[in-house]
J.: 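My structure is below; once you've seen it, I'll send some questions.
When a ligand or atom number is given, it counts from 1 through the structure's own listing order. From a predicted model like this one, the values you see are computed outputs, not experimental measurements.
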Amino acid sequence: MDIHEHQAKSILSDFGVPVPRGHLAFSPEQAAHASRQLGGPCVVKAQIHSGGRGAAGGVKLCRTEGEVRSFAASLLGRTLVTKQTGAAGKRVDRLWIEEATDIAQEIYLGFVLDRKSERIMIVASGHGGMEIEDLAATDPDSLVRMVIDPAAGLVDYQARELAFRLGLSGKQIGQFVTTLRACYRAYRDLDAMMVEINPLAITGSGDLVALDAKMSFDTNALYRRPQVAALRDPGQEDPRESSAHDNGLAYVGLDGDIGCIINGAGLAMATMDMIKLAGGEPANFLDIGGGASPERVVTAFRTVLTDPNVGVILVNIFAGINRCDWIAKGVVQAYEEVGLTLPVIVRLSGTNVEEGREIIRTSGLPLLSADTLAEAAKLAVRARPTPLAAE
Ligand code: GDP
Ligand code: MN
């Protein structure tokens, strides 16, 4: 789960990272009020769950209150498309108004989970700022990487070594060690997946301050981090995914037109592969889980149908804990309750498969039954109203 910059700054500041003063604004009036309170030049920043805002016109240094007000008015309600959002972009509903900082140098600082070493890794560069991705691509060796031993935690000599490798000196070293420790604790204590400060600025007077902050969290750990879970902003999520999330379904929206309702993550992945092999494109990943009642199947249909691109639905169930007759009843119920008009391909296998197939066969509905996964995928590709790719 991602959170906003201002939320990440507030968390990191509580752990000890130096951040500029700032205020949240949901209207141009609030933005103007914030700039009066800060008194002096401000940076107006779109709060969306994405980086690359600067390059997309979502960050601006404003000298006067009037400038803050008019930039805020132009930004609020707009959809920003950045390098990271995809074509759909993200809507700007809130702004962060921050006192401007005089930047002498921009440092990049990131904490990520390194799956290879199974440890938290620090990635840093003395050449941070908006071009860091280019630098990572053209000169990856210029990034400093450091792995943290979970038994010892981040130790001060490591933090100092990193400071030296970035060319920091004097009071910056102590400030950098404090910042690193704070980020590490925030990462560890809140079950984060990523903490990123870019830029961590060196100011004209030689102090360090975090001008941007990004944090994302392990969704599987949110149950024990209610204060983090409360920071969720459904307005920034794919609407298809938030409704699925609210219904307790594991759903990921994709770009194709074949809606998928499947039980088990592995079977869902295999089904998506089969669809691709048959020349189609899945519209989603959806795992309805084990023991799915007919009601849950109906909810799955509703979720898949929130995506207007869906032209056909493929139901693929291997019933171990599940029962094929439940699933079949759910499909029939969905036809009636949702007023389904799209073709539906059903492939059932496992517990009570004969009862399930009988329900599908005698339903009198335009349901296509398939015996194997390969057959189901082929039928789905053929049943699409508007084929995407040339076949
Ligand atoms: P991002 O593009 O989404 O990563 O947004 P950032 O918060 O990093 O802002 C983009 C750029 O704006 C930064 O890399 C800085 O160069 C600049 N910026 C951000 N805050 C300030 C500030 O307080 N003063 C000045 N002069 N520039 C800033
Ligand atoms: Mn940034």
Side-chain angles (χ1 to χ4, degrees), residues 2-13 17-25 31 34-35 37-65 67-68 71-72 74-76 78-86 89-112 122-137 143 166 175 179 183 192 194-216 233 236:
D2 293 335
I3 60 171
H4 286 292
E5 171 195 5
H6 72 93
Q7 296 167 328
K9 277 180 168 160
S10 156
I11 291 175
L12 293 176
S13 162
V17 174
V19 300
R21 290 184 306 139
H23 299 286
L24 200 57
S35 102
Q37 278 183 304
L38 294 169
C42 311
V43 181
V44 177
K45 311 185 74 174
Q47 297 298 288
I48 55 171
H49 286 182
S50 169
R53 295 163 302 164
V59 177
K60 191 179 175 207
L61 176 68
C62 298
R63 306 247 160 235
T64 65
E65 184 188 322
E67 220 182 311
V68 168
F71 183 62
S74 76
L75 209 48
L76 283 163
R78 221 173 91 195
T79 296
L80 275 187
V81 177
T82 75
K83 263 193 223 165
Q84 298 175 8
T85 58
K90 298 262 185 199
R91 217 179 106 95
V92 184
D93 291 319
R94 56 175 98 178
L95 305 173
W96 181 242
I97 320 293
E98 191 171 81
E99 62 183 347
T101 303
D102 162 29
I103 307 175
Q105 190 190 333
E106 298 188 321
I107 292 169
Y108 173 88
L109 178 62
F111 284 69
V112 291
I122 305 176
V123 183
S125 163
H127 305 276
M130 298 203 283
E131 278 84 46
I132 190 72
E133 268 113 10
D134 302 336
L135 186 70
L143 297 174
L166 293 176
Q175 292 175 359
T179 299
C183 291
M194 190 263 292
V195 172
E196 188 185 74
I197 300 180
N198 183 36
L200 174 64
I202 302 180
T203 67
S205 54
D207 292 296
L208 292 185
V209 57
L211 292 192
D212 188 11
K214 218 173 164 188
M215 288 184 85
S216 77
D233 180 359
Q236 291 292 307

J.: Report yes or no: does T82 contribute a side-chain atom to a donor-acceptor pair with the main-chain N or O of G51 at less than 3.5 Å?
T.: yes
J.: Examine distances only and state if a side-chain atom of E99 and a backbone atom of R21 form a donor-acceptor pair shorter than 3.5 Å.
T.: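 Yes.
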J.: Can you tell me how far CD of Q236 sits from NZ of K90, rounded to the nearest 0.5 angstrom?
T.: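 Reported to 0.5 Å precision, the distance equals 5.5 Å.
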J.: What's the verdict on side chain to side chain contact (heavy atoms under 4.5 Å, CB included) for M215 and I11, showing C-alpha distance, side-chain angles and the deciding distance?
T.: CA-CA 9 Å; M215 288 184 85; I11 291 175; 4.0 Å; yes
J.: Report yes if some N/O of L61 lies less than 3.5 Å from some N/O of ligand 1; otherwise report no.
T.: no
J.: Just need the protein heavy atom nearest to atom 15 (C) of ligand 1, so name the residue and atom and give the distance.
T.: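 That would be E106 OE2, 3.2 Å.
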J.: To the nearest 0.5 angstrom, please state how far the OG1 atom of T203 sits from the CG atom of L211.
T.: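 So the gap between those two atoms works out to 9.5 Å.
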J.: Can you report which non-hydrogen protein atom sits closest to atom 7 (O) of ligand 1, along with the distance?
T.: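 Of the protein heavy atoms, K45 NZ, 2.5 Å lies nearest.
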J.: Yes or no on side chain to side chain contact (heavy atoms under 4.5 Å, CB included) for I132 and S125, after CA distance, side-chain angles and deciding distance?
T.: CA-CA 8 Å; I132 190 72; S125 163; 3.9 Å; yes
J.: Under 3.5 Å, side chain of E106 to main-chain N/O of P199, donor-acceptor pair present?
T.: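 No: the side chain of E106 does not pair with the backbone of P199.
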J.: Applying side chain to side chain contact (heavy atoms under 4.5 Å, CB included), run through K9 and W96 and close with a yes or a no.
T.: CA-CA 11 Å; K9 277 180 168 160; W96 181 242; 4.0 Å; yes
J.: Taking side chain to side chain donor-acceptor pair (under 3.5 Å) as the criterion, tell me which of H4, R94, E5 meets it with Q47.
T.: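 The residue from H4, R94, E5 that satisfies side chain to side chain donor-acceptor pair (under 3.5 Å) with Q47 turns out to be E5.
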J.: In ligand 1, which numbered atoms sit nearer than 4.0 Å to a non-hydrogen atom of A100?
T.: 23 (O)
J.: Of all the non-hydrogen atoms in the protein, which one sits nearest to atom 26 (N) of ligand 1, and at what distance?
T.: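 Minimum-distance protein heavy atom for atom 26 (N) of ligand 1 reads T101 O, 3.4 Å.
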J.: Which ligand 1 atoms does I103 reach within 4.0 Å, using its non-hydrogen atoms?
T.: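 Listed by number with element, the hits are 25 (C), 26 (N), 27 (N), 28 (C).
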J.: Does atom NE2 of H127 have more than 12 heavy-atom neighbours from other groups under 6.0 Å away?
T.: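 Count not over threshold, so no.
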J.: What protein heavy atom sits nearest atom 10 (C) of ligand 1, and how far off is it?
T.: M130 SD, 3.8 Å
J.: Under 4.0 Å from any heavy atom of V43, which atoms of ligand 1 are there?
T.: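 In order of number, 20 (N), 21 (C), 22 (C), 23 (O), 24 (N).
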J.: Quick one: which of C42, P199, P20 has a heavy atom closest to atom 13 (C) of ligand 1?
T.: P199
J.: With heavy-atom distances below 4.0 Å as the criterion, list the atoms of ligand 1 near G51.
T.: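 So the answer, numbered in order with elements, is 3 (O).
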J.: Please identify which atoms of ligand 1 are closer than 4.0 Å to at least one heavy atom of R53.
T.: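 Selected atoms, number and element: 1 (P), 2 (O), 3 (O), 5 (O), 6 (P), 7 (O).
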J.: I'd like the atom name of the N/O/S atom in D212 lying closest to the Mn ion (ligand 2).
T.: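 Looking only at N, O and S atoms of D212, the one nearest the Mn ion (ligand 2) is named OD2.
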J.: Distance to 0.1 Å, residue and atom name: give those for the protein heavy atom nearest to atom 2 (O) of ligand 1.
T.: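 Ranked first by proximity to atom 2 (O) of ligand 1 is G54 N, 2.8 Å.
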J.: Quick check: does N198 have an N/O/S atom under 2.8 Å of the Mn ion (ligand 2)?
T.: yes
J.: For atom 17 (C) of ligand 1, decide whether some protein heavy-atom distance is shorter than 4.0 Å.
T.: no
J.: Taking only heavy atoms of N198 into account, list the atoms of ligand 1 that are under 4.0 Å away from them.
T.: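 By the 4.0 Å cutoff, the relevant atoms are 8 (O).
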J.: Which of the atoms of ligand 1 are close to D212, meaning less than 4.0 Å from one of its heavy atoms?
T.: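 Taking each heavy atom of D212 in turn, ligand 1 has 1 (P), 4 (O), 5 (O), 6 (P), 7 (O), 8 (O) under 4.0 Å.
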J.: Which residue and atom name correspond to the protein heavy atom nearest atom 12 (O) of ligand 1, and how close is it?
T.: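 Answer, as residue, atom name and distance: V59 CG1, 3.8 Å.
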J.: Just by distance, do the side chain of D212 and the backbone of I197 share a donor-acceptor pair under 3.5 Å?
T.: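 Pair absent, no side-chain N/O of D212 close to backbone of I197.
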